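Structure first, commentary second.
Every chain is numbered from 1, with letters handed out A, B, ... down the list of sequences. Model, not experiment: these values are computed from the prediction.
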Amino acid sequence: MQNLLHNLNPEQLAAVTLPSQSALILAGAGSGKTRVLTTRIAWLIQTGQVSPAGIMAVTFTNKAAKEMLTRLSSMLPINTRGMWIGTFHGLCNRLLRTHYKDAALPQAFQILDSQDQLSLIKRMLKAHNVDDEKYPAKALMYFINNAKEQGLRANRLEPNDPIERRMIELYELYEGQCQREGVVDFAELLLRSYELLARNGPLRHHYQMRFRHILVDEFQDTNDLQYNLLKLLAGHDEEGGGAIFAVGDDDQSIYAFRGANVGNMQAFEREFRVKNLIKLEQNYRSYGHILDSANYLIANNTKRLGKNLRTDAGQGEQVRVYEASSDLEEAQWIIEEAKSLTNEGVPRSEIAILYRSNAQSRVIEHALFAAGLPYTVYGGLRYFQRAEVKHAIAYLQLMDNPHNDSAFLRVVNFPTRGIGARSIEQLQMAADSYGISLYAAVPYMTGKAGSSLGNFVKLVESARFETQQLPLPELVRVVLERSGLLLHYQNEKEGADRIENLEQMVNAATQFVQEEGFGQGAPAHLGPPALPQAGEAIVNQDGIEILDADAPLANVMSPLSAFLTHASLEAGDAQAQAGQDALQLMTVHSAKGLEFDAVFITGLEEGLFPHESSARELDGVDEERRLMYVAITRARKRLYMSFTQQRMLHGQTRFNMKSRFFDELPEESLKWLSPRVQTNWFAGRKQTTAWDDAAFRDGSDNKIAQQITQKSGNGSGWRVGETVAHAKFGEGVIVNIEGGAGAARAQINFGSAGMKVLDLSIAKLERVGR
DNA sequence: GTCCAATCCTTTTTT
DNA sequence: AGGATTGGAC
């Protein structure tokens, strides 16, 4: 115990040792949030207040869940298996697998990822001759997910207009289709679990009695359905429920765009009558100037619970700000700074380059590649999402649940086996008219189409038969062969990588079988044992005994089903081998939860960061500001910020003003880097276009700039890309200049004041020097 | 059934 | 610009 609690600061200690009541911990960035969560669990168990089985801890990412498990097992000499620690989706999956009958699901139900979900919707729209101009698949998907996240089924939605009426009908059709195929989407995992518990009193009561302590990480990211699920589990409206220990940071809520509701924090405080609100404001990560910047910036947001980070680490270095002339030059500057950091002894893996959107990485990657600097880009295509891996998975899915139409269509003619669009269309019609799956409709087909489809079915059947007794990794290997996938990619000229990815799957299966505790040689198809290990019996509505879902997955599903679930729920990090010494490139979103010695925040321009689309959304800029807050607080020792006068985006050159966020940072914490001497990077570059001219004039080399203005110049005395100030419109950036000397007019982007065309001989403009 | 050219679309991302 | 998707030609 002494060990457990020592080294905690007073607030952390208070949080860890709170009595068994619901509590809200406002944990600022770098304040030891994960430490508090895990120590709390360990303390509860060690002091005998709860058994491991009485603990449920929920996170949003698999990474966070794993981290928690690792830390816990280093603190306590206990088996973590009895505890429910995982993501919302992972835990719901476990619940539904155990109680699949009560949830009205087939035992081998499969999980659709977003890709599969979209393709199912597209297929459905086509089958019902829906005008996809009027009802785009993506819009419908958004509509459905949104409804589910609010806990609403189609029959509970009220249409406001004919379009919505149709959407609701389509939502209903979609649900029917999923049910027929035996598949569930991500939102469905949660909604089904919610409904299962809401409907089934004895079951709900059982879990309420079991989970005395529910701990929730990143509470600010919960959506309404997740919050309601928690309320149900904690028995909020009922007698004797458990306690929820919620940890979150309203300032780091950056997922509103996908349904997260920060309001859940206030709602939780109110509805659970939280007496224990503890703020963790001591930061152990960053130096003073960095924290001051973060605090100043976030103070511009109104609706906050209020929190200010502090540190004992001293002020440290100022934040370095750099204005580049173009995105290319920005990238070049980053490279030089990164090189000198490396020379100072900072490992490359401790240097992060952050950007608002993925599209920005290309320019930087290009420059890094040219400079020969090793780098890793986060957030690329994940392993289980690669086309060839999805194909192999589809074969496995068909073997486990042949009624999964998405899987069927993905591979029925891949590798090609002479089954064309025509045959598929006929099959589709047959399936629709009988109301059965494509696979089940194959026997109704006649003629040539019938025989080739029949052969495909035979292939799947025989693969299943042949692998009946094989353990999972062996099964995967056989399927790779029998499906013809390996052969197909062997004949393709760019296929080597794909083959490697496919063979990797055998390893993934081996590792999976070991980690999940399936018997080493257990046949992959074998269902769960008839008598699962000890678990309390529960009597359901119909008086039938069911089992508690505390058994390992091995007891509720076959190795194959479990592996497929794993593939959908944990798409697999693309950069599992990212350990090498490389610069870390990622979006600000994916940087959440990470920290680095040195951080570059790039592209700090109006329209990019804050992103232009945020202006249209309610509280959109506030969310962008929180995003910026997250970015700043990633840095331990050194922070860089950069912006550029011009940038290529979607094939067009844009001239942006520097981000408004610069005006919200404390001046004394910023160090505006003096313009550097021009490097010979520019040498030899053609100067034919206005863009190139502008690229030369970053203010760092005024002589050259003036010369060029005079030579090529429009004689107006102003140049494109320059920042100017106007008495009425404020600061703006010159986007274009038309006409010659004396009659020049400039198109100027005044940001919030809009785009204006001003006559340069009349308008009173001032240069804004930085 | 396959291949290539025209067309579309582009915020952030996890499960 | 670039990639993913779709439609038409063979």
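Looking only at distances, no side-chain donor or acceptor of A/Y383 sits under 3.5 Å from a matching main-chain atom of A/V389. No side-chain donor-acceptor contact under 3.5 Å links A/N656 to the backbone of A/E605. Checked by atom type and distance alone, the side chain of A/N223 pairs as donor or acceptor with a backbone atom of A/Q226 at under 3.5 Å.
Comparing C/dA1, B/dT15, B/dT12 by their closest approach to the side chain of A/N62 singles out B/dT15. Set against B/dG1, B/dT14, B/dT15, the side chain of A/L569 has B/dT15 as its closest nucleotide. If you check B/dT15, B/dT11, B/dT12 against the side chain of A/Q385, the one that comes closest is B/dT15. For A/R356, counting side-chain heavy atoms from C-beta on, the closest listed nucleotide (B/dT15, B/dT13, B/dT11) is B/dT11.
Evaluation of atom-type donor-acceptor distances gives no pair under 3.5 Å for the side chain of A/S613 against the base of B/dT12.
For B/dG1, one of the phosphate oxygens OP1 or OP2 lies less than 4.0 angstrom from a side-chain nitrogen or oxygen of A/N413. Considering only side-chain N and O atoms, A/N358 lies nowhere under 4.0 angstrom from the phosphate OP1 or OP2 of B/dT11. Contact check, A/R258 against B/dT15: no side-chain N or O comes under 4.0 Å of OP1 or OP2. Between A/T416 and B/dT2 there is a side-chain N or O to OP1 or OP2 distance below 4.0 Å.
When the P atom of B/dT15 is taken as reference, atom CE of A/M141 falls 15 Å away, rounded to whole Å. Counting to the nearest Å, the P atom of B/dT15 and the CG atom of A/D116 are 15 Å from each other. With rounding to whole Å, A/Y383 atom OH is found 20 Å from B/dT14 atom C1'. If you take CZ of A/R410 and P of C/dT5, they are 10 Å apart, rounded to a whole angstrom. Look at CD on A/Q652: it is 15 Å from P on B/dT10, rounded to the nearest Å. What separates CD of A/Q226 from P of B/dT15 is a distance of 12 Å, to the nearest Å. Per the geometry, NE2 belonging to A/H650 stands 13 Å off P belonging to C/dG2, to the nearest Å. One can place NE2 of A/H611 at 11 Å from P of B/dT13, the figure rounded to the nearest angstrom.
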Could you walk me through whether A/Y255 and A/R626 pass the side chain to side chain contact (heavy atoms under 4.5 Å, CB included) test, one step at a time?
CA-CA 10 Å; A/Y255 286 112; A/R626 291 191 291 267; over 6 Å; no
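Using a 4.0 Å heavy-atom criterion, one finds that A/S114 contacts the bases of the nucleic acid, with or without backbone contacts as well. No contact: A/D113 has no heavy atom under 4.0 Å from any strand. Using a 4.0 Å heavy-atom distance criterion, A/F257 is classed as a base contact. Across all strands shown, A/I419 has heavy atoms under 4.0 Å from sugar-phosphate atoms exclusively, and none from any base. If you check every strand for non-hydrogen atoms under 4.0 Å, A/F88 touches nothing.
In terms of position on DNA chain B, the residue among A/T61 and A/A421 whose nearest nucleotide sits closer to the 5' end is A/A421.
Annotation for A/H128: atom NE2 counts as buried by contact number, over 12 foreign heavy atoms lying within 6.0 Å.
Both the sub-6.0 Å distance and the 45° axial angle are not jointly satisfied by A/R410 relative to the ring of A/Y395.
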